[in-house]
Peer 1: 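Can you keep this structure in mind? I'll have questions shortly.
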Amino acid sequence: MNYSAWFAAQDDPNERYPLTEVVYYSKSGGLLEVQHNMDALRQRSAAEWKQLFEGRWMRTSWPYGSGVWGKKEWVCPEIEDKNIVSMFEGGSNLFWADRLGQEIGVDDLWIKMCGNSHTGSFKDLGMTVLVSVVKQMISDGKPIRAVACASTGDTSAALAAYGAAAGIPTIVFLPKGKVSIAQLVQPVAHGALVLALDTDFDGCMRVVRDVTSHPDSGIYLANSLNSLRVEGQKTVGIEIVQQFDWDVPDWIIIPGGNLGNTFALGKGMQMMYDLGMINRLPRIVCAQAERANPLYRAYCNNWNYEPIAAQSTAASAIQIGDPVSIRRAISTLTHFNGVVEQASEQELADAAARADRTGAYACPHTGVALAALIKLVKRGEIKKSDRVVVISTAHGLKFSRFKVDYHEGALAGVQSNFANPPIELPADVDAVRRVIAERMG
Ligand SMILES: *Cc1c(COP(=O)(O)O)cnc(C)c1O
């Protein structure tokens with residue numbers, strides 16, 4: 001029996017398409033899911049899968065040293081190795097957040113550093129799969145001129161980098177003035193066609209859907225409604241379990257915007273469970289910014305969902321009012337006994353600053369997840385002895401403006417409780433000694 005995968009309609013599993021077909025929606029208009037031939041995967045025992053994955057982990061035999069492609073049979077089995085576009089994504093470290101844990105009352109706290117990656121965010125995990133499938137399609141003779149996405153910053157950085165590595169043209173739609181300098185310059189540097197539109201993310205999404213909707217456009221859509229990205233992103237949870245020697249943590253906390261990543265985390269965990277690799281599931285917490293919190297509102301209202309207009313937040317990558325993956329994220333959260341929590345600008349900025357004081361370097365989205373953790377510990381939902389993993393979605397260095405503003409006391413609506421601004425002095429030894437004595441005692 002062969003390892004294989006295909007797109008399937010959610011409401012009709014018999015409606016199937018090959019992964020190399022240009023199709024985003026089912027006949028009834030729903031999202032498509034990637035399904036795997038689970039009977040074929042079951043022919044290897046859990047112990048054999050573990051051994052195979054361990055043997056490939058972080059080594060150099062192409063492309064299996066990549067955290068994503070080391071699990072190729074579970075991700076995208078039929079693609080030819082020569083068409084894989086990989087930058088050895090995945091395999092990011094688990095940061096042992098011992099000091100932060102002591103401060104907030106968790107003995108076993110870890111941060112999965114997905115920002116330690118080629119383009120500085122977890123988006124690389126999914127983009128390697130999508131761009132590889134596009135390369136396969138082009139090599140099969142499909143008429144694809146370019147790949148396009150709307151982005152809050154990190155998706156476009158990843159798409160532009162992988163496109164450049166493969167020699168495939170890319171087009172990115174960004175909300176003008178709403179992404180960080182680092183995020184803007186990445187697609188510019190990689191030679192993407194960068195279109196800064198005078199709207200928000202949701203507005204960019206509407207435009208890119210329209211531009212790519214005609215099958216003859218020759219422009220392939222890379223947003224997370226395209227389920228290929230989920231297949232790569234789902235490896236994050238598998239990696240976490242692998243890094244704990246195949247032990248499942250009690251809680252995984254993840255920041256959510258468009259909610260594809262929340263769904264992907266659950267999908268990877270469920271696949272491990274279905275293939276007998278683990279015998280229990282973690283609880284999942286999705287953390288949202290209070291100023292862009294449609295999932296949180298639904299959670300508080302019996303899962304009744306209403307799109308909102310997202311307000312501006314320092315957690316710009318999750319400033320989304322009408323998430324594409326809302327339905328599948330709700331089904332993940334109900335299945336994983338999930339919790340949704342939110343963080344105000346004050347809470348997310350202080351949480352990131354506290355983490356930085358203990359040696360982490362948290363982006364604002366990681367700040368949202370850490371703020372949610374602090375609230376759940378205070379409420380007693382997360383216990384001191386629980387093993388908790390916070391997913392850090394991007395590298396703090398992509399958000400220098402946020403950090404500078406915080407430490408200068410210039411973040412809108414935020415009191416910088418942990419600010420540590422530099423002290424300007426004349427080049428005078430006595431003045432320097434005075435300040436050291438004041439500050440260091
Ligand atoms: C994309 C992104 C998110 C949100 O992921 P979704 O799948 O849209 O929920 C969170 N943090 C960062 C840094 C991101 O780039």
Side-chain angles (χ1 to χ4, degrees), residues 31 92 111-127 130 149-161 172 174-175 178-180 182-184 186-187 201-202 204-205 222-234 236-237 252-268 284-289 292-296 310 313-330 332-333 338 340 343 348 352 361-372 390-399 402:
L31 295 182
S92 61
I111 305 179
K112 175 67 170 163
M113 303 296 287
C114 296
N116 292 348
S117 181
H118 186 71
T119 72
S121 87
F122 79 84
K123 297 294 196 300
D124 291 352
L125 298 175
M127 208 51 84
L130 185 136
C149 73
S151 176
T152 53
D154 290 324
T155 300
S156 49
L159 175 62
V172 309
L174 297 171
K178 295 190 179 76
V179 306
S180 80
Q183 291 171 326
L184 174 65
Q186 285 178 293
F201 170 81
D202 297 293
C204 288
M205 195 64 230
N223 277 98
S224 61
L225 63 89
N226 186 323
S227 294
L228 291 170
R229 282 174 48 199
V230 167
E231 293 310 292
Q233 288 172 208
K234 81 182 181 196
V236 68
I252 300 180
I253 306 180
I254 187 168
N258 230 352
L259 303 176
N261 210 25
T262 303
F263 171 67
L265 172 65
K267 188 171 183 195
I284 293 179
V285 179
C286 183
Q288 291 214 294
N293 63 353
L295 180 73
Y296 178 75
T313 165
S316 49
I318 55 175
Q319 190 179 317
I320 294 174
D322 190 8
V324 164
S325 294
I326 183 78
R327 292 290 155 216
R328 42 195 196 178
I330 290 174
T332 297
L333 287 162
V340 186
L348 75 88
Y361 198 61
C363 78
H365 322 87
T366 308
V368 170
L370 291 169
V390 170
I391 295 192
S392 175
T393 45
H395 202 297
L397 286 172
K398 287 185 106 171
F399 298 88
F402 161 74

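First listed ligand is number 1; within each ligand, the first listed atom is number 1.
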Peer 1: In the protein, what heavy atom is nearest to atom 10 (C) of ligand 1, and what distance, to one decimal place, separates them?
Peer 2: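 Looking at atom 10 (C) of ligand 1, the protein heavy atom closest to it is I318 CG2, 3.4 Å.
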Peer 1: Identify the protein heavy atom lying closest to atom 11 (N) of ligand 1, giving its residue, its atom name and the separation to 0.1 Å.
Peer 2: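 Of every protein heavy atom, T393 OG1, 2.8 Å lies nearest to atom 11 (N) of ligand 1.
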Peer 1: Need the ligand 1 atom indices (1-based, order shown) with element for anything under 4.0 Å from a heavy-atom of H365.
Peer 2: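 Answer, ordered by atom number: 11 (N), 13 (C).
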Peer 1: Please indicate whether any nitrogen or oxygen in A317 is less than 3.5 Å from any nitrogen or oxygen in ligand 1.
Peer 2: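 Such a contact does not occur with ligand 1.
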Peer 1: Quick one: which of K123, K398, Q183, H395 has a heavy atom closest to atom 1 (C) of ligand 1?
Peer 2: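 Selected option, by shortest heavy-atom distance: K123.
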Peer 1: Please write down residue, atom name and distance for the protein heavy atom closest to atom 8 (O) of ligand 1.
Peer 2: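 So the nearest neighbour among protein heavy atoms is N258 N, 2.8 Å.
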Peer 1: Are F402 and L348 packed together at the side-chain level, in the sense that at least one heavy-atom pair is separated by less than 4.5 angstrom?
Peer 2: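 Yes - at least one pair of side-chain heavy atoms lies under 4.5 Å apart.
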Peer 1: Looking at atom 7 (O) of ligand 1, what's its closest protein heavy atom, distance included?
Peer 2: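 It is N261 N, 2.9 Å.
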Peer 1: Please write down residue, atom name and distance for the protein heavy atom closest to atom 6 (P) of ligand 1.
Peer 2: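 Nearest protein contact, heavy atoms only, for atom 6 (P) of ligand 1 is L259 N, 3.5 Å.
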Peer 1: Evaluate the side-chain proximity of Q183 to F399: yes if any heavy-atom separation is below 4.5 Å, no if none is.
Peer 2: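 Side chain of F399 against side chain of Q183, heavy atoms only: contact under 4.5 Å found.
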Peer 1: For ligand 1, which atoms sit closer than 4.0 Å to a heavy atom of D154?
Peer 2: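 It comes down to these atoms of ligand 1: 12 (C), 13 (C), 14 (C), 15 (O).
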Peer 1: Evaluate A394 for polar contact with ligand 1, using N/O atom pairs at a separation under 3.5 Å.
Peer 2: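 Min N/O separation from ligand 1 is not below 3.5 Å for A394.
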Peer 1: Which heavy atom of A289 sits nearest a heavy atom of I318, and at what distance?
Peer 2: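 Minimum heavy-atom separation between A289 and I318: N-CD1, 4.0 Å.
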Peer 1: Evaluate the criterion side-chain hydrogen bond (donor to acceptor under 3.5 Å, both in side chains) for residue pair K178 and T152; output intermediate values, then yes/no.
Peer 2: CA-CA 7 Å; K178 295 190 179 76; T152 53; over 6 Å; no
Peer 1: Between D124 and H118, is there a donor-acceptor pair closer than 3.5 Å when you use the side chain of the first and the backbone of the second?
Peer 2: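 Pair found, side chain donor or acceptor close to backbone of H118.
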Peer 1: Side chain to side chain contact (heavy atoms under 4.5 Å, CB included) with I284: which of L265, I391, I253?
Peer 2: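 So, applying the side chain to side chain contact (heavy atoms under 4.5 Å, CB included) to I284 and each of L265, I391, I253, only L265 qualifies.
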Peer 1: Kindly give the heavy-atom pair with the smallest separation between A371 and A343, and that separation in Å.
Peer 2: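 Heavy atoms only, the tightest pair is CB-CB, 3.7 Å.
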Peer 1: Is there a donor-acceptor pair under 3.5 Å between the side chain of K398 and the backbone N or O of T119?
Peer 2: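 Judged by distance alone, yes, a pair lies under 3.5 Å.
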Peer 1: Starting from atom 5 (O) of ligand 1, which protein heavy atom do you reach first, and at what distance in Å?
Peer 2: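 Answer for atom 5 (O) of ligand 1: F122 CZ, 3.5 Å.
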Peer 1: Check ligand 1 against G256 and write out every atom of the ligand that is under 4.0 Å from a heavy-atom position of the residue.
Peer 2: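 Answer, ordered by atom number: 9 (O).
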